[in-house]
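Here is the structure we will look at, set down as structure tokens.
In what follows, chains carry the letters A, B, and so on, assigned in the order in which the sequence lines appear, proteins first and then strands, with residues in each chain numbered from 1. Source: prediction; values computed, not measured. In what follows, every heavy atom counts, from backbone to side chain, and hydrogens, waters and symmetry copies are set aside.
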Amino acid sequence: MSMAADERNARAPWALTAPALMLFVGVLLIPLAMTVMLSFHDWGQYKGIEPVFILKNWHEIATDPYYAEMFWRTFRIAILTTLLTALLGAPEAYILNRMSGRWKSFFLLVILGPLLISVVARTLGWALLFGGNNGLVNKLLMSLGAIRSPIPFMFTETGMVVALAHVMMPFMVLSVWAALQRLDPQIENAAMSLGAGPVTIIRRIIMPQIMPGVLSGAIIVFSLSASAFATPAIIGGRRLKVAATLAYDEFLNTLNWPLGAAVATLLLVALVLIVVGSNALIERRYAEVFR
Amino acid sequence: MAYLELDRVAKQFGAQTVVDDFSLSVGKGEFISFLGPSGCGKTTTLQMIAGFLDPTRGAIRLEGKDLTAIHPAKRGLGIVFQSYALFPHMTAAENVAFGLEMRGVPRAERSERVRAALAMVGLAGYEDRHPRRMSGGQQQRVALARALVIKPSVLLLDEPLSNLDAKLREEMQIELRQIQRTIGTTTILVTHDQNEAMSLSDRIVVMSQGKIEQIGTPQETYEKPASAFVSQFLGKTNDFPGMIDRVVSPTQLVAGSWRAPAPAGLGGPVTVSVRPERIGFGDTGLSAKIITRIFQGNHWLFQCDSECGPAIVIRQNDGKPQPAEGEAVRLTWRPEDMSVRGGASA
Ligand SMILES: Nc1ncnc2c1ncn2[C@@H]1O[C@H](COP(=O)(O)OP(=O)(O)OP(=O)(O)O)[C@@H](O)[C@H]1O
Ligand SMILES: [Mg+2]
């Protein structure tokens, strides 16, 4: 009897997680596997997709410098965006955390509110302000005589980094905020009583303790920026492509699905490697703070 | 000779007065406890001394100098927080060294002093441990070493032992007292544990709702409580309504059928307060009936119903037979074992 019960107990977790597992397999694993397989298929202008196994797409990506440049641009934009959000977001979270009750919840709302607005709308906002001669800010500055020609924003990497940083900021602030909540509320007083000034307290006591929060925020922002689609599509358009917009174009404009699948797969693999690798590094480095 | 002096200190948060009219002078090397129930303003008072809060009124002086004008980082006080507030990203040694580093103590001297401080709290060999890998008691010792290594003028302890289990707490109490005796640092301990306050301090400041109820040695506060609050808060006590009769001569203090010569200078209705262990069973005195009798190893606890209300009696277990439940007894005590409050002075 007890053996039967044991067996039933062993089966229960599987039975209980089955619906979720099936959903996971059905909508994630199967399409993913099909995408990977697709990347090995052949494609021709007139013959369409041929389900054969060739390395043509991968060979093209590996040898054509166009793809190297595009991937390098993708990661450069993601890295710069991550740096920008960390530099602005960490102090922002710290200041927010020091505010008193009512102001704190108000500004938290201000920071998190944009999450409720579509990425497209937020990016279009930047386009309206800086988009060429008709951008609001550009028009204003030009009519004031401050600048001769409009500040280049659309179709530039700078524009993409700025707009992405704006979109990603809440993730960084939230992540640092969570780390700040784990601090002992008396820790600054403790450091002060030992003779530390405000700068020393931030540098020696606060920073090392919120670093894990900054880094996990950085991982989130980096992976979201590297695979972001809407913002690069609006700011960069067809002129300044990143991995996600390129894959999109191959799928929907050129109709070269296998090549698009190869680009998407490479982006995914690279991201997974980077994220898993840096996560392991962070956990090793900050074992003492995390435990 | 006041070393640290609090002069009519008060603290308000908005309209709420949390500490009021707090005056205390602490001698050099003295061990003082702030004792009171939760929310009575002990931490607030301590934080005003530390400088994390500014008093609304009043002055705080250290060796005659106004302490409130000095930035908390420059006060040179040692503080142990209830949560310890250790720096989790630093080892025990780095935690202890931090204060010395801030003072620019040279490296060689620093490591020598850190080693000595950790050894003093019994943590030799734990230099390279991180706080998260230490037990509560060990963390508490690191916090103490970190506060003491800077040779503070005053050591402030905010319920440092309340997170420890009973046995460890007792050990740490003894250790804390020994360390304080050895190095002679003036110490203020915040606690809501009356046993802790009594076993550690030279003097106890009993607080209630932001006000001082009594300042005195542990014996004084226990045996001569200045108010009903103090006598209730410091251990169990019996309060009997009594009357001082000035008509008869010599004047008599009467509580039920218990009577004794009245203390001088009082008259009218009074409250007679007697500790349970000072009451004995006799042939005369307050008549009472024993409701329950509880055996507690080294002593017996009796709950009685007396003519002046409920009473508790504690008797040493000296092997002699004790009255049984339901038995009628007479409760008696020596006049010097009671304290009398109230009564118009006459
Ligand atoms: N920053 C603050 N703002 C408003 N009220 C406060 C603040 N800090 C403390 N109080 C109030 O002051 C009173 C005393 O607080 P305090 O922390 O000094 O109590 P305590 O005696 O240390 O209690 P405990 O034993 O629980 O630590 C409490 O009623 C508390 O609600
Ligand atoms: Mg407190």
Side-chain angles (χ1 to χ4, degrees), chain A residues 86 90 93-94 97-105 175-218 279-291, chain B residues 13-14 43 46-47 49-53 70-92 94-105 128-134 139 142-143 145-159:
Chain A
Y94 180 71
N97 195 43
R98 296 202 58 151
M99 286 181 169
S100 60
R102 207 157 355 124
W103 287 111
K104 194 153 135 177
S105 24
S175 171
V176 177
W177 170 269
L180 282 167
Q181 301 314 301
R182 282 200 299 269
L183 289 193
D184 187 311
Q186 295 286 359
I187 203 105
E188 292 191 37
N189 279 346
M192 207 200 299
S193 75
L194 292 167
V199 178
T200 312
I201 291 178
I202 290 183
R203 199 172 55 82
R204 296 278 312 273
I205 307 298
I206 305 297
M207 286 260 282
Q209 289 190 73
I210 61 170
M211 219 44 202
V214 175
L215 291 176
S216 53
N279 202 36
L281 273 182
I282 291 167
E283 266 180 17
R284 187 130 47 92
R285 170 71 182 74
Y286 288 97
E288 303 306 336
V289 186
F290 269 132
R291 271 165 50 86
Chain B
F13 290 112
T43 298
L46 205 71
Q47 300 230 325
I49 301 174
F52 306 140
L53 291 173
I70 304 173
H71 188 269
K74 301 264 182 273
R75 291 189 187 192
L77 310 178
I79 303 166
V80 176
F81 296 87
Q82 185 168 355
S83 57
Y84 313 143
L86 293 175
F87 309 133
H89 55 295
M90 299 184 186
T91 63
E94 286 166 349
N95 264 282
V96 177
F98 188 80
L100 297 176
E101 227 176 293
M102 294 300 115
R103 281 163 175 71
V105 174
D128 296 327
R129 284 271 189 114
H130 278 83
R132 300 259 159 90
R133 302 245 165 117
M134 299 179 119
Q139 291 183 26
V142 176
R146 184 178 70 174
L148 284 174
V149 78
I150 59 171
K151 303 208 170 104
S153 47
V154 180
L155 180 64
L156 305 175
L157 308 162
D158 191 353
E159 311 212 18

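- Neither the backbone nor the side chain of R75(B) comes within contact range of chain A; no heavy atom of the residue lies under 4.5 Å from a heavy atom of that chain.
- Test I79(B), L53(B), D158(B) against L46(B) for side chain to side chain contact (heavy atoms under 4.5 Å, CB included) and you get one pass: D158(B).
- For Q82(B), no part sits under 4.5 Å from any heavy atom of chain A, backbone or side chain.
- Between chain A and the residues A85(B), S83(B), A143(B), the most heavy-atom pairs under 4.5 angstrom are made by A85(B).
- Residue-environment remark: CZ (R103(B)) exceeds the threshold of 12 foreign heavy atoms within 6.0 Å.
- Using a 4.5 Å heavy-atom cutoff, the side chains of D184(A) and P88(B) are not in contact.
- A pairwise comparison of heavy atoms in S175(A) and S216(A) identifies OG-OG, 3.4 Å as the closest pair.
- A donor-acceptor pair is defined here as one N or O able to donate and one able to accept, closer than 3.5 Å; such a pair exists between the side chain of H89(B) and the backbone of R204(A).
- At a 4.5 Å heavy-atom cutoff, the contact between L77(B) and chain A is made by backbone atoms alone.
- Residue L156(B) does not touch chain A at all, counting heavy-atom pairs closer than 4.5 Å.
- Both the backbone and the side chain of F87(B) come within contact range of chain A, judged by heavy atoms closer than 4.5 Å.
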